[in-house]
Asks: 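Quick one: structure below, then a few questions.
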Amino acid sequence: SRRDHWRKNRKCTSMKRARVMKWLTAVLLMLVATAGTVLILVPNQSWYHYLYERQGMSETTGVSVFEAEFNYDYMIDQVMGHQAVTGMASFASGEHLQKRLSQLAMVYQISEWVCGIGIVLIVGCLILLRNQKWYECFRYGSVVTGIGTGLLCLGTVLWRPLRLFVFKNRYGELFGMDPGFTGLLPEKWACYMWLTGVGLLLVMALVFLLIYAGSSRSYRPHRF
């Protein structure tokens, strides 16, 4: 009958909208995971401290571990917005480095906004999908995050400045020929940071998959 046909079309439309919203939530999950990775990596100074001491760079550069860490900490504070962008702390830095730090600070601020707004939107979408198997968003989110991580790896390999920066210790490719700064960066520092970021994204993709697996077993309609 006409009424049955109308109900069928309405149900089909509702399912399509729910599927679109699930994929939208999945993309938001990937963006939040990426932004969260930036927020975790930027203040993390453990790789730098470990490699600087391990490689005995204080002997080759003439800069003590304390001074090197002080300069590094100072630049991290600039990127996180705790200091005005001026470059190095204990000696002059190039204009290119200051410009790059400003760009990194902008990326960090954008990541903060993406993380904050994204989490609110994700919660809102999950509430709207509470009767539509909301847990499927995390399966899609795992897939999208995995694909995004793969594209990041591919982009790193294909984009020459980033490839040289990460894998060849050519720090001047991104930070400019500023020996005061690039001379204090240990070998493999960028590579270890990059690997840590990729690892975090893969872990988050796995977490999304585990949330999906656990929630699919205990799912009950009309409950969140």
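Every heavy atom of this structure was used, including side-chain atoms; hydrogens, water molecules and symmetry mates were not.
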Asks: Assess whether atom CZ of F167 is packed by more than 12 heavy atoms of other residues, nucleotides or ligands within 6.0 Å.
Replies: yes
Asks: Does Y50 belong to the same Ile/Leu/Val/Met/Phe/Trp/Tyr cluster as Y52, with side-chain heavy atoms less than 4.5 Å apart forming each link?
Replies: yes
Asks: Please report the closest heavy-atom contact between G172 and T182, naming both atoms and the distance.
Replies: N-CG2, 4.1 Å
Asks: What distance do K22 atom NZ and L29 atom CG have between them, rounded to the nearest 0.5 Å?
Replies: 13.5 Å
Asks: Ignoring hydrogens and angles, state whether a donor on the side chain of T86 or Y74 is under 3.5 Å from an acceptor on the partner side chain.
Replies: yes
Asks: Side chains of L184 and T61, heavy atoms from C-beta outward: is any pair under 4.5 Å?
Replies: yes
Asks: I need the minimum non-hydrogen distance between M75 and L97, along with the two atoms involved.
Replies: SD-CD2, 4.3 Å
Asks: Which heavy atom in C125 sits nearest to a heavy atom in M21, and how many Å separate them?
Replies: O-SD, 4.2 Å
Asks: Let me confirm one number: the CG-OG1 distance from L202 to T149, rounded to the nearest 0.5 Å.
Replies: 5.0 Å
Asks: When you measure from the side chain of R100 to the backbone of L174, do you find a donor-acceptor pair of N or O atoms at a distance under 3.5 Å?
Replies: yes
Asks: Quick check for you: to the nearest 0.5 Å, what is the distance between T196 atom OG1 and N44 atom CG?
Replies: 7.0 Å
Asks: Could you check whether K133 pairs with E136 (Lys NZ or Arg NE/NH1/NH2 to Asp/Glu carboxylate O, under 4.0 Å)?
Replies: no
Asks: Is any side-chain heavy atom of M193 closer than 4.5 Å to one of W47?
Replies: yes
Asks: Decide yes or no for F91 and N71: does some side-chain heavy atom of the first lie under 4.5 Å from some side-chain heavy atom of the second?
Replies: yes
Asks: If you compare all heavy atoms of L51 against all heavy atoms of P186, which two are closest, and at what distance to 0.1 Å?
Replies: CB-CB, 3.6 Å
Asks: Between W194 and C153, is a side chain to side chain contact (heavy atoms under 4.5 Å, CB included) present by the stated rule, with each step listed?
Replies: CA-CA 9 Å; W194 181 82; C153 295; 3.9 Å; yes
Asks: In the structure I gave you, are the side-chain heavy atoms of C137 and W23 within less than 4.5 Å of one another anywhere?
Replies: no
Asks: Go through the steps to decide whether R160 and E173 satisfy the test side chain to side chain contact (heavy atoms under 4.5 Å, CB included), and finish with yes or no.
Replies: CA-CA 9 Å; R160 184 177 180 274; E173 292 290 334; 4.2 Å; yes
Asks: Determine, using the 4.5 Å side-chain heavy-atom cutoff (strictly less than), whether V144 and L209 are members of one ILVMFWY cluster.
Replies: no
Asks: Hey, is the main chain of G94 close enough, under 3.5 Å, to the side chain of K99 for a donor-acceptor pair?
Replies: no
Asks: To the nearest 0.5 Å, how far apart are OH in Y140 and OG1 in T145?
Replies: 14.5 Å
Asks: Are side-chain heavy atoms of K168 and R163 found at a separation under 4.5 Å?
Replies: no
Asks: Would you say I117 and Y108 are hydrophobically clustered, going by side-chain heavy atoms of ILVMFWY under 4.5 Å?
Replies: no
Asks: Side-chain contact test, heavy atoms from C-beta onward, threshold under 4.5 Å: evaluate it for D178 versus H96 and give yes or no.
Replies: no
Asks: Work out which heavy atom in S142 is nearest to a heavy atom in A205; give both atom names and the distance.
Replies: OG-O, 2.9 Å
Asks: What I'd like to find out is whether the side chain of L126 reaches to under 4.5 Å of the side chain of F138, using heavy atoms alone.
Replies: yes
Asks: May I ask you to check whether F208 and Y212 place their ring centres under 6.0 Å from each other?
Replies: no
Asks: Does one hydrophobic cluster hold both Y192 and V38, with members joined at side-chain heavy-atom distances below 4.5 Å?
Replies: yes
Asks: Restricting to non-hydrogen atoms, name the atom on S102 and the atom on V85 that form the minimum distance, rounded to 0.1 Å.
Replies: OG-CG1, 3.5 Å
Asks: Give the cluster check for V143 versus V198: same hydrophobic cluster or not, with ILVMFWY residues linked at side-chain heavy-atom distances below 4.5 Å.
Replies: no
Asks: Pick out which of T156, V157, L162 makes a side chain to side chain contact (heavy atoms under 4.5 Å, CB included) with W159.
Replies: L162
Asks: Using 0.5 Å steps for rounding, measure from the NZ atom of K188 to the CZ atom of R54.
Replies: 14.0 Å
Asks: When rounded to the nearest 0.5 angstrom, what distance separates OG in S64 from CD in E69?
Replies: 8.5 Å
Asks: Judged by atom type as modelled, is there a donor-acceptor pair below 3.5 Å linking the side chain of E53 to the main-chain atoms of V65?
Replies: no
Asks: State which residue, out of V42, T34, L39, T37, fulfils the side chain to side chain contact (heavy atoms under 4.5 Å, CB included) condition with S111.
Replies: L39
Asks: Please examine the side chains of F175 and L104, heavy atoms only from C-beta on, and report whether any two atoms are closer than 4.5 Å.
Replies: yes
